[in-house]
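Letters A, B, ... are given to chains in the order of the sequence lines, protein chains preceding strands, and every chain is numbered from 1. This structure is a prediction, so every number in the text was calculated from the model and none was measured.
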Amino acid sequence: MTRRSELGSRRRARLLVAMSLAGALTGGCRCKQDTLPPVVFEQGSDRAPIDPNSVLAPPWEPPLVAQLDNGAMLHWLREPQNLAFHARVLLPISISADKLSAAATATVIEAIELRLAGRLRRIQDAELDIRSRPGRIELAIHGRDSDAELLLEALAEALAEAGDAKLLAVAQGKVLARHRAAEASSLAAAGLVSVLLEHPVAHDYASKQDLVDLSKNRLERAWTMITDPRDALVIVHSGHDPSDPAISDAVTRLGSRWKAPLGFGSGKPAVTERLRESPPKKAQTTYLLTETRAAPMRIFMGKTERSGQAVVMLGRLIPTPTPEQRTLARISQRIMQESLDARLLVAGPISLLAVRVRISSTDPVTDLEQIIARMQAFSAETHPGARIDQAAQLWLGARVVEASLAGEDWTALWSESIDLAGDDREIFVALARDAQAMLELEPEQVRAYMAKWFDPQAGEPGWVWVGAGIDDNFKAKLEARIRLYQ
Amino acid sequence: MLARILAYALSPMISALLGLSPPGTPVADEPELAPDGELDPLEAAAEATAPVVLAEQVIDVILPCGVRVITAKDASLPVAAVVLAIEVGTRDDPDKLPGLIHALAYHLQQGNRELAPGEGIATAHDSGGLAAMAVGVGQVRFESLVPVSALDAQLRVEALRLRAPSTGRELWLKSLSYARNDDGIKLVIPREAMAAAWNEPSLEHDGRGVGQALGDMVEQSLGAQLARVFDYRHATLVVVGPDDPQALLERVEVLFAGLPPKPRKTIAPATPPKPAGAAPRVLRLPRQAGDTMVWAVPGSPQARAWAQVLCGTLNRQKRGAEELAKARLRCTYADDPRRPLLVVRAIGFEPEQGPEPMIAARLARIAAAEAEPELAAIIEDQRARIESDLAFSLRAPLELASYLASAAERRDPADTRLALRPRAQVLGLPQLATEPSATAQLGAVIPGLLDTRAGVLLLNPEQPAPTPVHEQPAAQPPAQVETP
């Protein structure tokens, strides 16, 4: 097994907790190629040309955009003389959050991997990488550009046939065999997402019982929902032109062998719409540990972590409708992350901030008070420009260095660019603009933004928290100050 | 075989899931010179038209201070790879100080008057980059991959690294503790066999030990050893980035301008020992089955590439008419920038004859493959495969820079003019041209590997030495390409 696929296996085990920005994106449909509106990508014409080197973005050209016969959208990034081939399939799992459980998602992904990895082993230097991003699962295959046709065929075959009932049953058994008891952190993260996005917890966390309870019908339904090409996007980075006859045939076969289920329409033409959900209808209006509008804490009873500590995940949704707000949210999180375990998931107009806190059984409330005080201190402080610049350089540099170490795969960066774009037109420049904006931030801008969105006791409300690994002792001590519910 | 010792993980930007853990010689490559020592026409033309640099060319120059600089372009992403390779390795450890080079390499991370301890690593990490160190038997490399915005800072580190490193006792003890925690290196054959193949007893130790003698070194002694071993005059700085090679070179030149002009030190070529007699040398080691022979491969990219072609051919070659039904060879190539090896294990040979006759017969057929079209086709297939494999594996900047660091020096060390070289040639990739044929090129580049007299036969202590195949020593030592 290659290094990349080993990493993939480890990640796959973690996919049992799948972060998803779910919603009810119902299928308003357009037709196929004949009526597909062309995407005119912004290329920075309203401002000075963007130098990829100075803003640390790939020197890519706008991709060829097409829709396959099965409804899947295709973004083809061509880099002349590139020796490698990368294809990434983005499968949204947030669209049917209420019907799709993490157990079913993990099983379906396992089935795809079983089928696809077997095919890829026969192709020299071919690798499979499966990972999760906000609201979607990404299947990436990598190999030699000279094998592009074989790689596309392997992908088509896996997506066409891995939904076989027998294979799904085998996959279910494998996922079940690998299942381990929940880590408190994973459970707390799933709980936080479920509270913020109004998902059932089972959408984000698979228990052993959930896996056992999966019936054949539910698995097949999950397969159909996850692999529906009318919701999917295929991104390719290759030295080939998609009009090359051999490649063109392989792409056509991908569109014909990987079939859409029976139904109307061919999916939304805009990929940003395909991959995203609407924010929850009811916004949270609470703070943490305040006298009024204090958020109750959802708790998951269970064993503490090995250290005898429990985990509390506190967080909020942050509206990020503009590139500037996305940039500010990211840099604020990066600065806070220097001292706290803070994460941020950006998915276009909505972002999710989460801070993980380990609390001791001695005085858990004081632990939480201390963390909140530190967050407030961070939010009130005007951070020097040099510190902001260093945080930006580190974030932006690591992004391109990681892409280089991963074989110069542009599809991963294009996927990230989708998350940073407001709409399809912005995807092409989103990464560069994000970088440019990040390098131009002023300290006062950052302070004002953090005060508004990163202070759990002031600024904008919307804070919630979830505890896991809570035993009776923890519960009793937390109850003295915080309203708890299960 | 070079072990990455100080690998560093990327900064924690990767995590996407909540609740998950957050996210480190001129080895005279003579084919590049025409027989009379002149540049070949292709290179001469390139020189004449300098400084126009084509996409597939690299710049390879020696700066006045004696450091060799290679620059190449890779514009796929805005990142740059910087590799400082010094032509010393664990084989250079003094007898009384085993592990010295390895420990000194760690000590070069401890800075000097200009660099704080660990600054070299921090410079890469603070920009989201990666820093690593590799200590091998014949080469020490400091490698980094950084966003191009941090290239100048990383080049500054490499331009300062070897200048009067700190010699404080406390820092030295810290370096030794780092060295002590390193993992050893596993080889495909016993270390004694490697030493025998290269006829270098110093290869028998793994160079990772940290003995009392190292701990007892005083500051003056440490300073003297550092000055002796780590010198820009036998170092190569490789930079691969999105800019043109000429622009990259200009960024480097400024940083080395302050060093006084010094002549470059000639680096001893990694040339395998010449066969001494009519039979292969014999090495007796416990737990050997008496079925294996080992060759030293010249330490140049070209010879390394062709050794892989030979190895692939041996693994696919059909049995000869006179061989037993189960006869076959299993070849393994153990790569290293300076001390590579070829290991051939024979199966299904006549026990009383030993493996040499069968291996010699197979090699002789390969040397004369023009008369055996099927075998010539296998060689040609392997040439194409290795060319493709190398090109694919060297497509990203860091891998390319590491490989370029072992490229043979072509130029007269005194000549500091701009030198343009085709990248494929510097990498030693087998050329596509059918003239001369792949068979002829193989025989010309690695003649020693086609002669069992140049190899070492591994036997266990009780086995009698079989009768040699050849009756006479080689009339002339095989004309290795790497003749200095």
Side-chain angles (χ1 to χ4, degrees), chain A residues 11 14-15 17-19 51-59 79 81-84 124-125 131-134 144-146 183-190 192-193 311 313 315 334 337 341 343 345 352 354 356 390 393-408 410 413 468, chain B residues 7-24 55-56 74-81 122-132 144-151 153-154 240-243 247 384-385 388-401:
Chain A
R11 285 196 196 98
R14 291 167 172 172
L15 290 179
V17 179
M19 165 64 195
D51 172 11
N53 285 345
S54 66
V55 297
L56 302 178
E79 183 189 16
Q81 287 155 8
N82 180 25
L83 296 173
Q124 194 176 10
D125 291 324
R131 66 177 64 192
S132 167
R133 285 188 68 87
R144 298 185 181 205
D145 205 36
S146 52
E183 287 175 20
S185 295
S186 302
L187 200 50
L192 182 73
V193 173
V311 173
M313 195 74 86
R334 291 297 295 178
Q337 197 191 31
D341 188 355
R343 325 282 176 89
L345 295 175
L352 191 155
R356 181 169 63 175
Q390 188 178 354
Q393 295 284 1
L394 177 59
W395 171 256
L396 300 170
R399 183 157 72 191
V400 287
V401 167
E402 190 210 3
S404 179
L405 292 171
E408 306 201 315
W410 285 359
L413 293 170
Chain B
Y8 171 71
L10 286 175
S11 62
M13 64 151 288
I14 308 158
S15 172
L17 286 178
L18 292 177
L20 301 184
S21 40
E56 287 303 311
D74 181 330
S76 192
L77 284 169
V79 295
T123 301
H125 290 183
D126 288 351
S127 62
L130 169 146
S144 52
L145 182 69
V146 294
V148 71
S149 55
L151 174 59
Q154 198 60 41
V240 179
D243 295 335
R385 183 179 71 83
S388 164
D389 287 357
L390 279 173
F392 184 74
S393 64
L394 301 179
R395 70 192 187 281
L398 187 57
E399 286 78 4
L400 177 62

B:Ala80, part contacting chain A, at a heavy-atom distance under 4.5 Å =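 Nothing of B:Ala80, per the 4.5 Å heavy-atom cut-off to chain A.
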message: How close do A:Glu408 and B:Arg395 get, counting heavy atoms only, and between which atoms?
response: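 Between these two residues, the closest heavy atoms are OE1-O, 3.5 Å.
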ask   = Which bit of B:Ala75 is near chain A, if near means a heavy-atom gap under 4.5 Å: side chain, backbone, both or neither?
value =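 Only the backbone of B:Ala75 comes within 4.5 Å of chain A.
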| request: Answer whether the closest heavy-atom distance between the side chains of A:Gln124 and B:Ser388 falls below 4.5 Å. | output: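 No. Closest side-chain heavy atoms not under 4.5 Å.
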* Provide the closest heavy-atom pair for B:Leu130 versus A:Leu405 in the form atom of the first, atom of the second, distance. =>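 Minimum heavy-atom separation between B:Leu130 and A:Leu405: CD1-CD1, 3.6 Å.
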Practice item. Examine whether an atom of A:Ala84 lies under 4.5 Å from a heavy atom of chain B, and if so say whether it belongs to the side chain, the backbone or both; otherwise answer neither. Key: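 The answer is both parts of A:Ala84.
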Minimum side-chain heavy-atom gap B:Asp126-A:Leu394 below 4.5 Å: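 Result no, sub-4.5 Å side-chain heavy-atom pair not found.
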Worksheet item: Is there side-chain contact between B:Ser149 and A:Leu56, with heavy atoms separated by less than 4.5 Å?
Response: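 Yes, their side chains come closer than 4.5 Å.
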Notebook entry, point to check: B:Ser76 versus chain A, heavy atoms under 4.5 Å apart: side chain, backbone, both or neither?
Noted result: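 The answer is both parts of B:Ser76.
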Checklist entry - Do you know the tightest heavy-atom contact between B:Pro397 and A:Ser404? => result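 Scanning both residues, the minimum pair turns out to be CD-OG, 3.6 Å.
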Exercise. Is there side-chain contact between A:Arg399 and B:Leu77, with at least one heavy-atom pair below 4.5 Å?
Worked result: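 Not touching, per the 4.5 Å side-chain cut-off.
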**Report entry** Contact class of A:Leu396 relative to chain B, heavy atoms under 4.5 angstrom
**Finding:**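 Answer is neither: A:Leu396 stays 4.5 Å or more from chain B.
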Q.
Walk me through whether B:Val79 and A:Glu402 qualify under side-chain contact (heavy atoms from CB on, under 4.5 Å).
A. CA-CA 10 Å; B:Val79 295; A:Glu402 190 210 3; over 6 Å; no
Using heavy-atom distances under 4.5 Å, tell me whether B:Asp74 contacts chain A through its side chain, its backbone, both, or neither.
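Contact with chain A: side chain only.
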